[in-house]
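Naming convention: chains lettered A, B, ... in sequence-line order (proteins, then strands); numbering from 1 in each chain.
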There are 2 protein chains.
Amino acid sequence: MQISSRFSVAIHVLSLLALQQEDDVLLTSERMAGSVNTNPVVIRRILGQLKKAGLVEVRPASGGTFLTRTPADISLLEVYRAVEVVEEGQLFSVHDKPNPKCPVGRNIQSALDDTLQQAQQAMEQVLAGVTLHHVTTDIQQKAITMC
Amino acid sequence: MQISSRFSVAIHVLSLLALQQEDDVLLTSERMAGSVNTNPVVIRRILGQLKKAGLVEVRPASGGTFLTRTPADISLLEVYRAVEVVEEGQLFSVHDKPNPKCPVGRNIQSALDDTLQQAQQAMEQVLAGVTLHHVTTDIQQKAITMC
DNA sequence: AGGATTGTAACCTCAGTAGTTACAAACAAA
DNA sequence: TTTGTTTGTAACTACTGAGGTTACAATCCT
């Protein structure tokens with residue numbers, strides 16, 4: 001089972017916001033959906049989560065969405081948490097009712113917990129070390145003109 | 001979305017196998033299911049994957065399953081791969097058809113790929129560093145008698 | 001030959017994802 | 001103030017994979 005593409009879509013959307021120029025036409029959910037190639041409602045749902053996390057400011061009605069921070073101040077881990085692809089500390093699901101009468105069943109959960117937490121944290125630390133700025137810089141190296 | 005509990009069930013089952021004594025009654029899928037608290041078929045499906053990966057030997061008909069290696073020689077990463085909770089290099093799903101006419105859409109995938117691979121590998125490296133022996137030792141410290 | 005157990009197919013239910021339609025609420029500009 | 005656009009959400013759909021369950025042929029030991 002994979003981690004939802006909401007995460008990559010969120011990064012895509014934030015990249016568009018980071019790279020938008022002042023003289024650009026406003027980025028509406030419609031236009032962002034065009035770049036991601038999905039439905040505008042999918043974008044709005046994700047924008048709602050990013051707004052809730054305080055990463056973006058959305059202007060209803062007139063359109064237009066803006067970052068509340070510099071791209072260099074937004075880590076991918078924050079984005080990951082914002083779109084709630086995985087609840088905190090729950091990357092691995094563990095079978096929840098092992099037989100308490102069996103020594104293995106009784107102790108397997110605590111025996112695994114530590115390792116699984118570490119594995120998850122190792123993954124998240126990589127995301128914590130990469131910012132939106134890194135992503136947009138990479139994109140810019142390959143292309144200049146915007147949507 | 002979480003990583004399937006097949007992984008933790010597989011570790012549970014392997015722990016039972018590692019801790020079984022020679023004078024024990026044979027471990028059938030029925031008995032293992034009793035410890036995990038699930039259906040025997042679920043166990044057999046997982047045993048099938050572990051067998052395919054060469055981690056266990058299953059004796060059909062008469063019952064009984066055995067490890068093909070010492071617990072210290074079985075890493076959790078091998079188990080993880082055996083039960084195919086996540087296809088190789090596919091922990092994160094990325095929206096697959098971004099608009100190629102947009103510079104961001106055209107480049108987002110390659111801009112993300114590197115980071116996501118690293119994040120995934122960091123997680124897997126933790127699993128690679130823990131063996132079944134570590135798990136069973138931990139379990140044994142807490143209990144002596146078997147199922 | 002008999003009895004227990006595995007290997008699998010087939011089916012069910014449930015949850016989460018992503019896409020879609022529809023529409024009220026919010027707001028800018030004329 | 002009215003008009004037109006856009007957001008925010010609810011509601012529905014289709015699809016996917018997980019995990020549980022039943023059923024039964026194939027296997028193998030005794």
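- Nucleotides of DNA chain C nearest to Thr65(B) and Arg59(A) differ in position, and the one nearer the 5' end is that of Thr65(B).
- Ring planes of Tyr80(B) and Phe92(A): perpendicular class, angle over 60° (limits at 30 and 60°).
- For the pair Val126(B) and Leu116(A), the minimum side-chain heavy-atom distance is 4.5 Å or more.
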* To do: Would you sort out whether Glu84(A) and Arg6(A) count as a salt bridge (charged side-chain N to carboxylate O under 4.0 Å, His left out), showing the intermediate values?
  => CA-CA 9 Å; Glu84(A) 292 168 355; Arg6(A) 276 205 303 280; 6.0 Å; no
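- At dG20(D), one or more side-chain N or O atoms of Thr38(B) fall inside 4.0 Å of OP1 or OP2 (strictly under the cut-off).
- Between Leu47(B) atom CG and dG7(C) atom P the separation is 7 Å, expressed in whole Å.
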* Show your reasoning for whether side-chain hydrogen bond (donor to acceptor under 3.5 Å, both in side chains) applies to Lys142(A) and Ser110(B). => CA-CA 10 Å; Lys142(A) 294 162 183 159; Ser110(B) 68; 2.9 Å; yes
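- Looking at Ser8(A) and Ile108(B), their side chains never come closer than 4.5 Å, going by heavy atoms from C-beta outward.
- Between Ile46(B) atom CD1 and dG7(C) atom C1' there is a gap of 15 Å when expressed in whole angstrom units.
- In this model, no donor atom of one side chain and acceptor atom of the other lie less than 3.5 Å apart for His95(B) and Ser5(A).
- Near DNA chain C, meaning a heavy atom under 4.0 Å from it, residues 74-81 of chain B has no residue at all.
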* Start with the C-alpha distance between Glu78(B) and Arg69(B), add both sets of side-chain angles, then the distance that settles salt bridge (charged side-chain N to carboxylate O under 4.0 Å, His left out), and finish with yes or no. => CA-CA 12 Å; Glu78(B) 283 180 278; Arg69(B) 285 189 240 156; 3.0 Å; yes
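- Comparing Gly64(B) and Asn39(A) along DNA chain C, the residue whose closest nucleotide (by nearest heavy atom) sits nearer the 5' end is Gly64(B).
- Within the 4.5 Å cutoff, the side chain of Leu27(B) has no heavy atoms near those of the Phe66(B) side chain.
- Proximity of Ser29(A) to the phosphate of dT6(D): no side-chain N or O atom is located under 4.0 Å from OP1 or OP2.
- For the segment residues 1-8 of chain A, residues with any heavy atom less than 4.0 angstrom from an atom of DNA chain C are, sorted by number, Ser4(A), Ser5(A), Arg6(A).
- Atom-to-atom, CD of Gln49(A) to P of dG16(C) comes out at 14 Å; the value is rounded to the nearest Å.
- For the pair Arg31(B) CZ and dA4(C) P, the computed distance is 16 Å after rounding to whole Å.
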* To do: Please step through side-chain hydrogen bond (donor to acceptor under 3.5 Å, both in side chains) for the pair Thr70(B) and His133(B), ending with a clear verdict.
  => CA-CA 8 Å; Thr70(B) 318; His133(B) 181 69; over 6 Å; no
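- Atom P of nucleotide dG19(D) and atom NZ of Lys97(A) are separated by 13 Å, given to the nearest angstrom.
- One can place CD1 of Ile43(A) at 13 Å from C1' of dT7(D), the figure rounded to the nearest angstrom.
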Might you list the N or O atoms of the protein lying below 3.5 Å from N or O atoms in nucleotides 9-16 of chain D, with each pair's distance?
unit_1, atom_1, unit_2, atom_2, d
dA11(D), N6, Arg45(A), NH1, 3.4

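- When side chains are defined from C-beta on, Thr131(B) does not count as touching Asp73(B), because their heavy atoms never get closer than 4.5 Å.
- dG17(D) atom P lies 13 Å from atom CD of Gln90(B), rounded to whole Å.
- Atom pair Glu84(B):CD and dA18(D):P shows a separation of 10 Å (rounding to whole Å applied).
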* To do: Under the side-chain hydrogen bond (donor to acceptor under 3.5 Å, both in side chains) rule, what do Gln121(A) and Gln125(A) come out as? Steps first, then yes or no, please.
  => CA-CA 6 Å; Gln121(A) 280 176 21; Gln125(A) 283 317 300; over 6 Å; no
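- Contact check for Val135(A) versus Thr137(A): no side-chain heavy atoms found under the 4.5 Å cut-off.
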